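Inspection log for the structure reproduced underneath, given as structure tokens.
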There are 2 protein chains.
Amino acid sequence: MWQTRWMGTTIATARARARAEVRAEIVTEARRQLAVEGAPALSLRSVTRQLGMASSAVYRYFPSRDELLTALIVEAYDGLGAVAETAAAAGGQAFERWRTVCRAIRGWALENPHEYALIFGSPVPGYEAPALTVGPASRVTLVLAGLLVDAHRAGELTDVDAGPLSRAMSVEALRLADLALPDVPLATVAGGLVAWTSLFGQISFELFGQLKGIVEQPEVLFEHAIIVTAGLLGLRPGQLPGPVAAQTEP
Amino acid sequence: MWQTRWMGTTIATARARARAEVRAEIVTEARRQLAVEGAPALSLRSVTRQLGMASSAVYRYFPSRDELLTALIVEAYDGLGAVAETAAAAGGQAFERWRTVCRAIRGWALENPHEYALIFGSPVPGYEAPALTVGPASRVTLVLAGLLVDAHRAGELTDVDAGPLSRAMSVEALRLADLALPDVPLATVAGGLVAWTSLFGQISFELFGQLKGIVEQPEVLFEHAIIVTAGLLGLRPGQLPGPVAAQTEP
DNA sequence: TCAAAGTCAAGAGCAGTGCTCACAATCGCG
DNA sequence: CGCGATTGTGAGCACTGCTCTTGACTTTGA
């Protein structure tokens, strides 16, 4: 990270070390303020004030406020991705894994509402997410994709009955299947996309206060949504008592 | 509104008239800037500058920037509500009405992305939506609820097979059914909630750039989501060729 | 009719923001 | 060890939301 690779030798100059340290301090303080007051209230000046440095010093480390926000976005994506990955790592039946991952994602969102809003909320009009965010951003989607692949290989996917796919939808699903969901039925891929947007739509509605006055216990609705969206994937709760030696290599 | 009721006589003083006019001008200009540059970039000063008045004058009409934003939020809710209502007013089969309303909502969102973000995006941390927004906000949900009620009365709802509802979910659904969905099966109510969040989750993902790099044609996925979510409601495309005299009164 | 009361816009000003730039200090590498 | 790149500083610019005083205007009531 803060090491300088040069001519094959890996050296970490004291300057680079100090630089990375200060940079980390800035990000840490920024994340702290983000968690407390939200992204709009995050100001460079307050960060530097807290760190005891001049307001202009931060520009030695981040060329603009947006760049600092980008760092926070990457951190948020990584945090969510890590949570999803550990949730999916716990084995078990496909439906149970789906449920576990969904709960983990919602749990992370409830614990880090401002980070969640930073990622899934309304984008800042002038801001364009840089390319280095796509990697961390795809971690959680890859988790969900892997879950479907595993379920399919274990034979735990039942057919989804949403009628025939439109030609255009088949094209989309086919492209995605080739990309990250080998051999998974196209109807499941298409349903998975809907389940995916439903999952985050649900969380966003809860977190952004859209359920207020309509649903009293969001977690109850979320649990129901888990079951319903699992149906879109071809997953049903407790259908197979678990094939014993189903964890076969392809 | 701008009329002064006094001693039983209703008079509209020239002052009140002018006041309402200026207020409307401010809102109009603010909405124009909102549509162009988004809510964060909307500044009172730029609005007054455009209107040729002093920056402090606007505080005669809106006590704060948040109040002006509230007016814009109400307008946005009303705009979306009107679109949904006219879409639902066009009769036809229940599934077709569901599809028409969904498309209309998405169309409005695509045409007014910043207004949509204002309503369904991440909330401003300090801002609490006042009570006068709940009326306009509930218009679109009432449209969807009415659609379900009509479909049920017309006998166009098939049973949804998502397994038995949990006790807590039944309570939630029952409360909602008593509130706005008389006689509609609880499973449909529960599925309707999921469909509701899915619908807006889909639109938010598209509008907020979350589908970028994953789904190439969002409208294709949206059309698929319409069909899939209709299934959560117990609606299937073109199932009954339309019961002739089914529009019975209870 | 004419002054009092109420209303409104303007301007100055405050505290805060992101960001730039010239300058000084300091630190470390060759 | 000295030179140069790197880092921190403080002033300053243009902007924001918001407050408050001042002066002009309109409406009201005796």
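As the structure is a prediction and not an experimental result, all values here were calculated from the model. Below, all heavy atoms of this structure are taken into account, side chains as well, without hydrogens, waters or symmetry copies.
The nearest whole Å value for the distance from the CZ atom in B:R23 to the P atom in C:dT7 is 17 Å. One can place CD of A:E25 at 14 Å from P of D:dT7, the figure rounded to the nearest angstrom. Atom OH of B:Y59 and atom P of D:dG17 are 6 Å apart (whole Å). Between the C1' atom of C:dC29 and the CZ atom of A:R17 lies a distance of 16 Å, rounded to the nearest Å.
Residues of residues 34-44 of chain A having a heavy atom closer than 4.0 Å to DNA chain C, listed by number: A:L42, A:S43, A:L44. Sorted by residue number, the list of members of residues 122-132 of chain A with any non-hydrogen atom under 4.0 Å from DNA chain C is empty. Using a 4.0 Å cut-off on heavy atoms, the residues of residues 62-70 of chain A that approach DNA chain C are A:S64, A:R65, listed by number.
Judged purely by atom type and a 3.5 angstrom limit, A:R97 has no side-chain atom pairing as donor or acceptor with the backbone of A:A87. No donor-acceptor pair closer than 3.5 Å links the side chain of A:R45 to the backbone N or O of A:S55. At distances below 3.5 Å, not a single donor-acceptor pair connects side-chain atoms of A:R106 with backbone N or O atoms of A:V101. Under the 3.5 Å distance criterion, the side-chain polar atoms of A:T133 are left unmatched by any main-chain donor or acceptor of A:A129. Within the 3.5 Å criterion, the main-chain N or O of A:Q217 finds a donor-acceptor partner in the side chain of B:E172.
No side-chain donor-acceptor contact under 3.5 Å links B:T141 and B:S138.
Phosphate proximity of C:dC8 to B:R19: present, with a side-chain N or O under 4.0 Å from OP1 or OP2. Put simply, B:R49 has a side-chain N or O that comes within less than 4.0 Å of OP1 or OP2 on D:dT16.
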Measure all distances between protein nitrogen or oxygen atoms and nitrogen or oxygen atoms of nucleotides 8-11 of chain D, and list the pairs falling under 3.5 Å.
from	atom 1	to	atom 2	distance (Å)
D:dG8	OP1	A:Y61	OH	3.3
D:dG8	OP2	A:Y61	OH	2.8
D:dG8	N7	A:R60	NE	3.1
D:dG8	N7	A:R60	NH2	3.3
D:dG8	O6	A:R60	NH2	2.4
D:dT9	OP2	A:A54	N	2.7
D:dG10	N7	A:S56	OG	3.3
D:dG10	O6	A:S56	OG	2.5

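Taking the centre of each ring, B:F205 and A:F200 come in below the 6.0 Å mark.
The side-chain hydrogen bond (donor to acceptor under 3.5 Å, both in side chains) pairs that include a residue from residues 107-126 of chain A are A:Y116-A:S204, A:S122-B:S122, where partners are two or more places apart or lie in different chains.
Contact of the A:Y127 side chain with the A:I73 side chain is registered, since non-hydrogen atoms from C-beta on lie closer than 4.5 Å.
Atoms CG and CG, on A:L174 and A:L181 in that order, are 11.0 Å from each other to the nearest 0.5 Å. To the nearest 0.5 Å, atom CZ of residue A:R23 and atom CZ of residue A:R60 are 15.5 Å apart.
With sequence neighbours left out, the side-chain hydrogen bond (donor to acceptor under 3.5 Å, both in side chains) criterion links B:Q210 to A:Y77.
Cation-pi geometry between B:R19 and B:Y61 is met: the NZ or CZ atom falls under 6.0 Å from the ring centre, inside 45° of the normal.
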